Amino acid sequence: MVKTVEEIQSKLDSGDAVVLTADELKTKFRNGEEVSVDDVDVVTCGTSGVMSGTTALFHIPVAEPGSFNKAKEVYLNGIPAYPGPCPNELLGTVDVILYGTNHSTTIENYGGGFLIKDLIEGKEIDVKVIDVEDNEFNTTVTLEDLPTARLIGTRNAFMNYSSFTNPDKVSVKSIFNAAPMEGPYNSFTFSGCGEINPLQNDPEQKIITKGTKVLLNGAEGVVIDNGTRSTPEKPNLMLTADMKDMKSYYCGGFKTGMGPEIFNSVAIPIPVLNENILENLKVLNKDISLPVCDIHGRHLPIATVDYTVWEDVDYRPTTEPDMCFNCIPCLPALYCPTNAYDKDTKTVNSELCFGCGYCSMVCPRGIPSINMGSISIEADGKTRKIDVTCRQSDKKRALDISEELKTKILDGSFKL
């Protein structure tokens with residue numbers, strides 16, 4: 001059987017279509033159920049993780065018209081942004097580009113990802129502009145004050161990731177871990193949501209192409225094209241959406257051993273048009289390879305595992321406050337990448353928690369604890385079992401945004 005997108009949308013409009021999340025579909029396959037093209041019309045796939053290639057484009061009112069000729073430097077909560085390309089001569093406003101990975105000069109462990117989350121939450125941010133004549137202008141703005149606030153992912157939602165361990169005794173700072181990675185072979189960090197990841201379910205990009213509609217951090221967005229560094233073997237996407245429509249839960253900052261990064265969440269619908277598309281949707285975690293690399297570089301492969309690292313594990317930590325010795329400093333609070341751990345209440349903020357699991361690794365008393373699983377590889381002539389110590393993708397958020405997209409498709413607020 002062959003269907004068209006128009007036919008499926010018509011079924012959706014009349015309430016007759018079947019929409020499943022990727023997780024629901026994979027559960028059917030695991031249970032041995034037969035699923036045909038007749039049985040499902042749309043599958044919603046999702047991913048959430050650190051996505052360094054993220055920028056924001058802002059148009060910011062700064063001062064009265066005529067106050068300055070051209071901005072030379074712009075800082076948002078101390079984070080350097082880049083004015084231009086339009087000079088906005090004598091208008092008192094500036095166009096700026098902010099990198100999600102830029103770090104604040106005034107706030108410790110604060111970067112573009114944290115700023116974007118603050119804006120979406122409606123918080124005021126400080127703006128400092130230095131013009132070409134070295135005059136300084138200061139103001140505060142909220143997201144509603146900005147005529148333009150658009151997120152642009154230059155390379156998001158990768159299909160294929162690498163994972164990392166450290167084979168050396170000396171710790172290594174890296175963006176791929178929440179803190180300097182210890183060794184040898186006693187820690188493991190990975191990214192990617194495996195079998196529910198959008199491009200993993202459409203590896204030939206028969207559906208996910210230029211112009212495909214998506215949910216980016218809860219806002220309806222679009223695929224601009226394939227992203228930078230995208231290849232047929234390792235595709236990724238360039239995405240955009242209006243920040244004013246986003247939900248702060250789905251994005252934010254993520255502190256790493258090299259400073260704060262940014263995470264986003266993406267969901268994409270895959271209309272089940274034919275058998276080939278359905279066949280690609282049958283991919284399971286065990287079918288998806290995950291290269292294990294030396295933390296010193298992605299060009300240094302050690303072994304290969306698969307995405308069953310997501311199976312039989314916890315997505316969020318639990319806490320045992322009564323066991324706390326009130327250590328100074330509190331390591332879970334110090335190292336939590338999203339500032340979710342509260343050292344006073346000894347609890348984890350569920351809205352901020354990313355499920356990376358690093359808090360459980362650093363706490364000497366095991367106050368936060370989480371089952372993260374492990375991998376087994378052959379390296380340097382030995383079989384090595386390595387605990388997962390940090391996850392830079394969040395399976396729970398990926399499931400949540402997949403479910404949200406399903407709801408929007410069924411209630412008609414998201415059209416294919």
Side-chain angles (χ1 to χ4, degrees), residues 47-62 71-88 93-107 109-129 139-157 175 214-225 227-229 236-256 259-267 337-338 354 397 401:
T47 187
S48 180
V50 175
M51 300 185 188
S52 302
T54 303
T55 64
L57 174 63
F58 299 128
H59 181 64
I60 306 176
V62 178
K72 180 177 66 174
E73 299 175 41
V74 177
Y75 299 89
L76 308 178
N77 278 359
I79 303 170
Y82 305 100
C86 177
N88 298 315
T93 64
V94 293
D95 290 348
V96 304
I97 290 176
L98 174 85
Y99 294 168
T101 53
N102 272 12
H103 302 164
S104 177
T105 59
T106 58
I107 307 173
N109 285 320
Y110 185 88
F114 288 103
L115 176 97
I116 287 167
K117 189 180 190 76
D118 284 346
L119 278 169
I120 295 171
E121 288 182 341
K123 296 178 181 177
E124 276 192 346
I125 64 164
D126 295 324
V127 179
K128 180 171 79 171
V129 171
T139 189
T140 59
V141 297
T142 66
L143 184 59
E144 290 306 309
D145 297 323
L146 309 182
T148 299
R150 179 161 285 276
L151 206 67
I152 303 170
T154 61
R155 53 180 183 274
N156 288 177
I175 64 170
V214 304
L215 271 193
L216 176 55
N217 298 333
E220 186 173 306
V222 67
V223 175
I224 301 172
D225 207 337
T228 59
R229 300 209 307 253
N236 67 79
L237 302 173
M238 189 176 295
L239 310 169
T240 187
D242 192 334
M243 281 177 52
K244 293 184 180 182
D245 298 327
M246 292 184 180
K247 296 181 179 180
S248 64
Y249 169 70
Y250 288 123
C251 63
F254 187 98
K255 294 181 289 185
T256 75
E261 291 272 324
I262 181 172
F263 75 86
N264 298 304
S265 305
V266 179
T338 59
F354 190 78
R397 274 184 175 83
I401 199 168

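Since we're looking at a predicted model, the values are computed, not measured. Side chains are part of it too, since the values below use all heavy atoms of this structure and drop only hydrogens, waters and symmetry mates. Numbering of residues begins at 1 and proceeds along the displayed sequence.
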Nearest 0.5 Å, please: how far is [atom2] in [Y] from [atom1] in [X]?
X	Y	atom1	atom2	value
L216	N264	CG	CG	5.5 Å
L237	R155	CG	CZ	13.0 Å
I79	I107	CD1	CD1	7.0 Å
I125	L98	CD1	CG	8.5 Å
I224	M238	CD1	CE	6.0 Å
D242	L151	CG	CG	10.0 Å

Tell me which donor-acceptor pairs under 3.5 Å the side chains of residues 114-123 have, and how far apart each pair is, sequence neighbours excluded?
| unit_1 | atom_1 | unit_2 | atom_2 | d |
| --- | --- | --- | --- | --- |
| K117 | NZ | S248 | O | 2.6 |
| K117 | NZ | C251 | O | 2.9 |
| D118 | OD1 | K123 | NZ | 3.4 |
| D118 | OD2 | Y110 | OH | 2.8 |
| E121 | OE1 | K123 | NZ | 3.4 |
| E121 | OE2 | S248 | OG | 3.4 |

With Y99 via ring-ring contact (aromatic ring centres under 6.0 Å, His included) - residues at least two apart: Y82

Pairing residues for Y250 by the ring-ring contact (aromatic ring centres under 6.0 Å, His included) criterion, not counting sequence neighbours: none

Closest contact, heavy atoms only, [X] versus [Y]:
X	Y	value
N156	G53	ND2-O, 3.6 Å
S52	I175	OG-CD1, 4.3 Å
V50	F354	N-CZ, 4.3 Å
T106	G78	OG1-CA, 3.4 Å
K244	E144	NZ-O, 4.1 Å
A71	P83	O-CG, 3.8 Å

Between [X] and [Y] (side chain of the first, backbone of the second, donor and acceptor by atom type, cut-off under 3.5 Å), is there such a pair?
X	Y	answer
N236	A157	no
R397	Y249	yes
N102	P80	yes

Who are the salt bridge (charged side-chain N to carboxylate O under 4.0 Å, His left out) partners of E220, not counting sequence neighbours? K213

Check the pair T338 / F263 against side chain to side chain contact (heavy atoms under 4.5 Å, CB included), numbers first and verdict last. CA-CA 10 Å; T338 59; F263 75 86; 4.1 Å; yes

Scan D145, L76, D95, T93 and name whichever one has a side-chain contact (heavy atoms from CB on, under 4.5 Å) with I60. L76

Quick one: side chain to side chain donor-acceptor pair (under 3.5 Å) partners of S48, sequence neighbours excluded? S265

Among all residues two or more places apart in sequence or in another chain, which pass the side chain to side chain donor-acceptor pair (under 3.5 Å) test with T240? R150

Just wondering, do V266 and M51 contact through their side chains at under 4.5 Å, heavy atoms? yes

